[in-house]
Every structure is written in structure tokens, then in C-alpha cells.
Asks: 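Structure below; questions to follow.
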Amino acid sequence: MSSNPVAETVASLMPRAKAELTELVAFKSVADFDQFPRAESEAAANWIVAALRAEGFQDVALLDTPDGTQSVYGFLPGPEGAKTVLLYAHYDVQPPLDEAGWATPPFELTERDGRWFGRGTADCKGGFIMHLLALRALRANGGVPVHVKVIVEGSEEQGTGGLERYAEEHPELLAADTIVIGDAGNFRVGLPTVTSTLRGMTMMRVRIDTLAGNLHSGQFGGAAPDALGALIRVLDSLRAEDGSTTVDGLTDAPAWQGLQYDEEQFRKDAKVLDGVGLIGSGTVADRIWARPAVTVLGIDCPPVVGATPSVQSSARALISLRVPPGVDAAEATKLLEAHLEAHTPWGARVRTEQIGQGQPFSADTTSPAYAAMAEAMAVAYPGQEMQYAGQGGSIPLCNTLAALYPRAEILLIGLSEPEAQIHAVNESVSPEELERLSVAEALFLRTYAAS
């Protein structure tokens, strides 16, 4: 990174950033209070409150959102007449999954092979630290030239919509000229990237019932309808022979026109086993950024260990459907529900329950904020031009903010590049990426203020 005062300041702050991220990662802030104590999330929220107050933020508050979680808000005034920028991150995290699969404890930040490991290091506690670093660097080099609002969400990973509903009920709170969502990531380490599209999402539970109770498979199997077998057929109907998603009435969006994803690189990033093919058709970018994708997230059925020779009377699954830009998530939800009902065999009883939904998002990349970010990233990443990529995941708040503030410019950056393995075991963050993106964000705020 070429030498400049902002970059030098951020570099000097990295040991402090590591110490703070270590503290923040230690909170088991999974916003599923059936699995993890609410006190862990509340402690993480209070840590962020204290951090914002220490930075001179005003009006710092814990916001009790309608889904029973807390988001943290703060306001840092800038010069009179300055623009307002909203910085977003979230402090809730995914469950650690199989803790035995972690090389080091998931809630203990550990440095290994030049990366910092721990749940939330990249997604998205590191994003909050990135915002702090950028603001600290500006304060040490002439001051923050814009009004800054910070919002740190407490339930993003659960998709329960608490902050979206709170924002709709308090539309003035998060109003800004530009919004920087720190919950995306570079296409690969060292390649500065803004995410210009997001797929939306709908999540649905499906339950199939066939019998009043389980039956002996020797006595009744062959004629008694098997609920688990029926569920398997339903789930299989959601994919074509090549693995493409097939929901009746849901068509593919246009092909992806931006940055392309090399298939061999994708195989490495996804850690696809040798000899196993990719699913779907078209380019990799088409498949992960511009087309619908269904995933079976879980199935309730007897485990292999301890299973009895029984015909199952009931079975249940949780399904996620990623919805590409240009498709309404509510309409996709209706189509998914109708598909599940239409493909349930043998007259079995089927019930569906939607448990989360978020609309897809497309940004206006021709705006002044994007020009300012491109200029800033060119300094933070010498010799590299800012790229535009899609993201297969969802950030439902983006569409809420776009609807509330149609004149606001929305940019998505962050630390979740492929090596970060967010949502998987051994999640990690590159400290070099944290440093460079903090520099880029600081320079963006300065450049944008002058635009």
C-alpha cells in the first residue's frame, strides 16, 4: 500500500483492532435464543455501545426491535452542511455448527497462517471494526468530514426482519445521503470489489403427514404411505437432472454481465471434492448471482443411529430459496409454496410455513458515491481497479433502506471474501484486507465529502 497519512494511521491501529475484535468475537451472539443465551447478544450490543461512546458518538442507543433483539445506533456530527453517511454492520453471528470441526475454538480469536480465525471475524464483527478504524484514521488526520450514522444490527443472520420493521416505524432515524453496508466482500483477497447486486431469499418449513403414527415396516411397509419418502420426492422435485433449481413458474433471470467467476477458481473456493461436478448450467456467475437457487437446510427424521424398522408418519424440512434481482421475493414465495403442494405425492397432507423473506437488491453504480469509492480503492489497492460483482446471499435491510430513502446511494463492501469461509467452520478474516478496506473507507468518506 502506498504511503499516506491515513494508511499509516490505520497500520498503527491494527494491534488495537485485533484486541478489540478478540473481545467482540468472544461473545456468543447468535440471535437464536433457543440455542444461545440472550445475555451473550446483549453483552455484545453493550460492548458496541461503549465503543461508540468512546469515539465521541452522540445519541448512542440500544434499539429494541420487533423481533425481540437489539440493534445499536449512534450519531457522530460532522461539519455544518456536510453530507450524511450511514455505516452498517451486524454483531450477531451464525452458530458455530460442528465445533469439533474447528481447528481452534470458534469464539476465541486465533491467529494462524496469517489470518484471524473465529466466528464473526469476517461476518460481520470485523465490519464494525473496519468502520471504527476508518473513523479513527480520519480523526487523526484532519477530522471526519461528514455526518456519520452507525447502525449495528442484532439479528441479520436470522432473517427475522427486526431492524427493517424498526426502520420503517422510525423513517427519519437512518436517513442518509449515502449508505455503506459493511457486510459484503472482495471477489478475492487483494481485488477491491463492490457488490452491486444481492439475491433475495425466502425460507420455508414444509411438513408432510401420512399416518396417525409410525408403523412396523415389515407389517405395513409397501402399502402404508411413508411421510419421509414423500418428503424426499417433494425435495427432489425442486431440482432438474443437472441440479438446476426448478420451481414451477419461476424463470431464470438474464445472464450476469459483470465480473466473471472462473470455474476452476470456484471449485477451489468452494472446496468441491475431486470428481464431483458443479450443478446447474451457464456461467458460474449466472448460477450464483443471477439465478434462483434452492437449498435444503435441514430435515427432521430419525437419525441413523437408533433408527427402528418403521414407516414414518411425519417428516419436516427447512428450505431456502435464493431469489435473483428482478424477481419479487413475495411472488417467489407463493410459487415455492404452490410447487411444494403440487408435488406432494399420494394425497399426503402438506403444510408450509414461511419463516423469513428478503427482497433482492440492485445498486445504481453510476452514482457519485461509486466514483468516490473507486478513487479511494485505487489508493488502498495500488495497481488494482475496483470491480463490480454480485453476491448470492441476502441483506434484507438493503431493500428497506432503498425504499425508505430512494435518493440515497448504497454501496456494499466488506471482509467476506472466499477464503473467509463465512457461515462455515473455521471462519476467518484477512488482517491485510481489514487494513486496506479501512483505508479505502476513510478515503472514500473524505473524497465523497468533497464531491
Side-chain angles (χ1 to χ4, degrees), residues 21 23-53 57 59-75 86-97 106-107 118-129 131 149-174 179 181-183 198 200-203 205 297 318 320 329 353-359 393-401 403-404 414 416 422-423 427:
L21 188 54
E23 293 179 14
L24 199 48
V25 165
F27 297 112
K28 300 177 181 179
S29 50
V30 179
D32 181 349
F33 304 135
D34 291 331
Q35 295 188 69
F36 288 83
R38 181 184 297 271
E40 291 285 328
S41 288
E42 292 176 346
N46 280 296
W47 189 97
I48 292 167
V49 166
L52 291 178
R53 286 177 176 159
F57 276 76
D59 305 322
V60 179
L62 287 170
L63 310 179
D64 293 317
T65 56
D67 63 353
T69 65
Q70 294 178 316
S71 293
V72 183
Y73 170 83
F75 175 69
L86 174 68
L87 304 178
Y88 168 91
H90 63 85
Y91 70 83
D92 71 302
V93 296
Q94 285 283 336
L97 304 176
F107 295 105
R119 180 58 92 217
T121 49
D123 183 26
C124 178
K125 292 175 177 179
F128 176 66
I129 300 299
H131 295 326
K149 294 179 178 180
V150 166
I151 186 70
V152 188
E153 188 174 2
S155 59
E156 191 274 343
E157 299 290 8
Q158 296 300 312
T160 46
L163 183 56
E164 292 101 279
R165 283 178 280 163
Y166 190 95
E168 290 166 349
E169 293 166 3
H170 304 83
E172 74 293 337
L173 184 70
L174 303 182
I179 300 165
I181 306 287
D183 191 25
L198 298 168
M201 179 188 69
T202 186
M203 292 180 65
R205 291 193 185 107
L297 304 180
L318 177 63
S320 163
E353 177 189 5
Q354 182 191 347
I355 61 169
Q357 179 179 288
Q359 292 288 355
S394 308
I395 306 176
L397 183 66
C398 277
N399 283 87
T400 300
L401 296 177
L404 287 173
S416 298
I422 65 169
H423 294 205
E427 176 184 347

Asks: Is it true that, when you exclude Lys149 itself, more than 12 heavy atoms of the residues, nucleotides or ligands shown sit nearer than 6.0 Å to its NZ?
Replies: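 Atom NZ in Lys149 is packed in, count exceeds 12.
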
Asks: Report yes if some heavy atom in the side chain of Val150 is under 4.5 Å from a heavy atom in the side chain of Ile48; otherwise report no.
Replies: no

Asks: Looking at Phe107 and Phe27, what are the two nearest heavy atoms and their distance?
Replies: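 Smallest heavy-atom distance, with atoms named: CD2-O, 3.8 Å.
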
Asks: Would you say the side chain of Asp183 lies within less than 4.5 Å of the side chain of His90, judging by non-hydrogen atoms?
Replies: yes

Asks: Any chance you could measure Asp64, atom CG, to Thr69, atom OG1, to the nearest 0.5 Å?
Replies: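 OG1 of Thr69 is found 8.5 Å from CG of Asp64.
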
Asks: Given side chains that start at C-beta, do those of Leu198 and Cys398 come closer than 4.5 Å, heavy atoms only?
Replies: yes

Asks: Knowing that exactly one of Gln94, His423, Glu427 qualifies, which makes a side chain to side chain donor-acceptor pair (under 3.5 Å) with Arg119?
Replies: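 It is Glu427; the other options fail the test.
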
Asks: When you measure from the side chain of Gln359 to the backbone N and O of Ala329, does any donor-acceptor pair fall under 3.5 Å?
Replies: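 Looks like yes, one N/O pair under 3.5 Å.
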
Asks: Between CG of Asp59 and CZ of Arg53, what distance do you get to the nearest 0.5 Å?
Replies: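 Taking CG in Asp59 and CZ in Arg53, the distance rounds to 10.5 Å.
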
Asks: If you measure from OH on Tyr166 to CG on Asp67, what distance do you get to the nearest 0.5 Å?
Replies: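 Between Tyr166 OH and Asp67 CG, I get 12.5 Å after rounding to 0.5 Å.
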
Asks: Determine whether Glu42 and Leu62 satisfy the following criterion, side-chain contact (heavy atoms from CB on, under 4.5 Å), listing intermediate values before the conclusion.
Replies: CA-CA 9 Å; Glu42 292 176 346; Leu62 287 170; over 6 Å; no

Asks: Looking only at heavy atoms, what is the nearest atom pair of Leu21 and Thr121, with distance?
Replies: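 Here Leu21 and Thr121 meet closest at CD2-O, 4.1 Å.
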
Asks: Does the side chain of Gln70 reach to within under 4.5 Å of the side chain of Ser41, using non-hydrogen atoms?
Replies: no

Asks: Distance check, rounded to the nearest 0.5 Å: Leu52 atom CG versus Phe128 atom CZ?
Replies: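 That separation rounds to 4.5 Å.
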
Asks: Which residues pass the salt bridge (Lys or Arg N to Asp or Glu O under 4.0 Å) test with Arg165, sequence neighbours left out?
Replies: none

Asks: Of all the heavy-atom pairs spanning Leu404 and Ala167, show the shortest one and how long it is.
Replies: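 Scanning both residues, the minimum pair turns out to be CD1-O, 3.7 Å.
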
Asks: If every non-hydrogen atom of Ser416 is compared with every non-hydrogen atom of Ala122, which pair is closest and at what distance?
Replies: OG-O, 3.7 Å

Asks: Rounded to the nearest 0.5 Å, what separates atom CD in Glu168 from atom CG in Leu163?
Replies: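 The CD atom of Glu168 sits 10.0 Å away from the CG atom of Leu163.
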
Asks: If I compare all heavy atoms of Gly154 with all of Asp92, which pair ends up nearest, and what's the gap?
Replies: O-CB, 3.1 Å

Asks: I want to check something: taking the side chain as every heavy atom from C-beta on, are Leu174 and Tyr73 in contact at a cut-off of under 4.5 Å?
Replies: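 Touching, per the 4.5 Å side-chain cut-off.
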
Asks: Nearest heavy-atom pair of Ser71 and Glu153: which atoms, and what distance?
Replies: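 Nearest pair, atom of Ser71 first, then Glu153: OG-CA, 3.4 Å.
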
Asks: Kindly indicate whether the side chain of Phe36, heavy atoms from C-beta on, has any atom under 4.5 Å from the side chain of Pro96.
Replies: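 Answer yes - side chains close enough.
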
Asks: For Glu156 and Leu397, what are the C-alpha separation, side-chain angles and deciding distance, and is it a side-chain contact (heavy atoms from CB on, under 4.5 Å)?
Replies: CA-CA 8 Å; Glu156 191 274 343; Leu397 183 66; over 6 Å; no

Asks: Do Ile181 and Leu401 come within less than 4.5 Å of each other through their side chains, counting heavy atoms only?
Replies: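 Yes, side chains in contact.
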
Asks: Say you draw a straight line from CD of Gln357 to CE of Met203; how long is it, rounded to the nearest 0.5 Å?
Replies: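 If I round to the nearest 0.5 Å, the distance is 12.0 Å.
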
Asks: With a 4.5 Å heavy-atom cut-off, do Val30 and Glu40 have their side chains touching?
Replies: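 A side-chain contact under 4.5 Å is absent here.
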
Asks: Measure from the side-chain N and O atoms of Ser29 to the backbone N and O of Ala44, and report whether any donor-acceptor pair falls under 3.5 Å.
Replies: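 No, Ser29 side chain to Ala44 backbone: no donor-acceptor pair under 3.5 Å.
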
